[in-house]
Amino acid sequence: MSALSLAAAFAAASPRARPPRTPWRSVAIHGGVALLWMLLFIPALCATGGWAWATGIVYVSYDTALLAFTAWQARTLLRPSPPPSPGVRPTLGVVIAARNEAAALPATLAALLAGTDRPDLIVIADDGSTDGTAAWLGRDYGLAPPALGTLGPASPTQSRLRWLRLAQGGKARALNAAIQRIETDLMVTIDADTHVRPGALAAMRAAFAAEAALVAATGVLVPVCAPVGGGRLFGWFQRYEYVRNFLSRYAWMRAGGLLLISGAFGGFRRSALLEVGGFDPDCLVEDYELIHRLRRHAALRAKCWSTRVVGDAVALTDAPATVRAFLSQRRRWFGGFLQTQWWYRSMVGDRRFGALGVAMLPIKAFDTMQPIYGLAALAILVGLIMDGRAGVLLPVALITLGKIAIDLAFHLWSLRLYRRWTGETLRGGPSAVLASFVEPFSFQILRHVAAALGWVTALGGRATWGVQRPVAVAQPVAVR
């Protein structure tokens, strides 16, 4: 498919290209969330006791409801799961879109080649790198620079490896260039700083072979932080956070509302990518937006496409190890989430999209304001105390302790489910207990600050490549 044809497919499938009318349901849901937030300030001005902190009560109740939903849906992970039904073995190509990632690529490629099921094709989609990427490809794999915009021949020493050399255009454009030039049934995207476990690609291929309707699947990511400065602390928080997040994705998969397929390790049926026009270069989170477009396209054309989390497809990925890097990453993520929620606002509350329309996207409407609720609850509590309204302290303390107890119970439960699901192990016991007590007063506030900054990014920011250093997975590591 030519670039012109891919662009035409995107224009036909994307509501950003042809914005539909915003239905009253979407206006009512998003407007209701904003109105509720404004109304919750009133008790802070005139109420007494715990209800003066109504913003915090609503925030805690919402978060608890989501935990309960995840725990209920994920309980099935304790049951033995049958192996996937064997099907026609699809060909699988891995695409690594990279710009100035020479420090990370050697170990990432080594992990791919060490797997139990090697990919049929590995493409380094070089997005205008100016570091040592070209020298490494030539020195270690005998690859000469192909003409700009072309896919070079196979490496003389590693027949699966090819070099796609591109002018700098961003990650989404690099992936789109690869979609048009490879011919495998499946396209697996892997970030340059992500290492797949030995059986991960085999699990991904088996999932697609067993389910003909599957068009997108995410592996389970394990964050690894560089052990410098606050890296160990950030790694501690993020490992537990990722456990909860991927169990939440499993829960929404069971409910029919899975939307997030991580581009750091995601598998896609290439024919479906071509049909909807590939990745959106103008979105801050091109992987998240793509799933909206796939699901919307399928529903409007009565296609039984599905998305999935593959629990035994595990990969290690580099994660922010400093406050600055963390804020930058999460600001972009939340800004992209807001972008996508706006572009796909016509789906919110629409029954044609099943659980996605009537459950997941309305909840995402509430999520647009969740960091504002969280930060406002903290600010109101501080204001009430400074105003001398100490009567609020006891009920707030009881609510907070109750929430911590719920979080701890879910935390320990989620670790058990996660171990059964992925085979990965994480420390429980005192470490898990400590995380449940410390996180609400530290890491959670930092997440909300980054998300609040995401509003600024969504309103005026642009997507850029972020080079995160140091690379924690520059050498293969094990996280247990």
Side-chain angles (χ1 to χ4, degrees), residues 29-72 237 240-241 244-245 247-248 251-252 326-327 330-331 333-335 337-338 341 348 359-387 389-411 414 435-456 458:
I29 291 170
H30 286 93
V33 170
L35 179 61
L36 176 62
W37 177 62
M38 290 185 287
L39 291 176
L40 288 174
F41 278 98
I42 297 176
L45 300 175
C46 58
T48 59
W51 282 110
W53 197 56
T55 302
I57 293 173
V58 170
Y59 171 80
V60 167
S61 300
Y62 173 72
D63 191 66
T64 302
L66 290 182
L67 291 183
F69 166 78
T70 299
W72 177 256
F237 281 127
Y240 289 131
E241 179 196 25
R244 295 192 299 270
N245 286 349
L247 285 174
S248 176
W252 279 109
F326 182 82
L327 289 176
R330 298 306 175 93
R331 172 178 179 160
W333 283 4
F334 199 83
F337 156 63
L338 293 174
Q341 188 75 8
V348 179
M360 180 53 147
L361 287 173
I363 286 175
K364 288 299 179 184
F366 199 101
D367 282 350
T368 62
M369 299 297 293
Q370 187 185 23
I372 309 300
Y373 276 86
L375 294 176
L378 177 62
I380 289 172
L381 179 59
V382 172
L384 290 171
I385 295 172
M386 293 180 65
D387 193 41
R389 296 159 70 178
V392 75
L393 287 178
L394 179 59
V396 168
L398 292 175
I399 292 170
T400 302
L401 288 174
K403 182 63 168 68
I404 289 174
I406 292 171
D407 287 349
L408 176 58
F410 177 81
H411 199 51
S414 67
S436 294
F437 277 92
V438 174
E439 183 180 353
F441 309 103
S442 54
F443 185 66
Q444 187 168 301
I445 295 173
L446 192 63
R447 283 205 316 262
H448 288 337
V449 170
L453 292 173
W455 273 96
V456 179

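Because the structure is predicted, anything quoted here is derived from the model rather than measured.
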Ignoring hydrogens, what is the shortest heavy-atom contact between [X] and [Y]? Give both atom names and the distance.
| X | Y | result |
| --- | --- | --- |
| A458 | L338 | CB-CB, 3.8 Å |
| L40 | A54 | CD2-CB, 3.8 Å |
| A452 | L375 | CB-CD1, 4.0 Å |
| L327 | A450 | CD2-CB, 3.7 Å |
| A52 | I380 | O-CG2, 4.0 Å |
| V60 | K403 | CG1-CD, 3.5 Å |

>> Test side chain to side chain contact (heavy atoms under 4.5 Å, CB included) on F237 and L446; report intermediate values, then the result.
In response: CA-CA 11 Å; F237 281 127; L446 192 63; over 6 Å; no
About how many Å separate [atom2] of [Y] and [atom1] of [X], when rounded to the nearest 0.5 Å?
| X | Y | atom1 | atom2 | answer |
| --- | --- | --- | --- | --- |
| W37 | T368 | CH2 | OG1 | 11.0 Å |
| M369 | D367 | CE | CG | 11.5 Å |
| L408 | L401 | CG | CG | 12.0 Å |
| F326 | R331 | CZ | CZ | 14.0 Å |
| K364 | Q370 | NZ | CD | 9.0 Å |
| D387 | L45 | CG | CG | 9.5 Å |

Any heavy-atom pair between the side chains of [Y] and [X] that's under 4.5 Å?
| X | Y | value |
| --- | --- | --- |
| E439 | R447 | yes |
| L39 | I42 | yes |
| L66 | F410 | no |
| Q341 | V348 | yes |
| F441 | L378 | no |
| I363 | F69 | no |

Which of V58, D63, T64, I57 passes side-chain contact (heavy atoms from CB on, under 4.5 Å) with S61? Answer is I57
Notebook entry, point to check: Taking the six-membered ring for Trp, is the centroid-to-centroid distance between F337 and F334 below 6.0 Å?
Noted result: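 Distance test on ring centres: under 6.0 Å, yes.
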Out of the candidates Y59, F366, F41, W53, only one should pair with Y373 under the ring-ring contact (aromatic ring centres under 6.0 Å, His included) rule; please name it.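 Checked Y59, F366, F41, W53 against Y373; only one passes ring-ring contact (aromatic ring centres under 6.0 Å, His included): F366.
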Side-chain (W333) to main-chain (G454) donor-acceptor, under 3.5 angstrom: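 No; judged by distance alone, with no hydrogens or angles, the pair does not exist.
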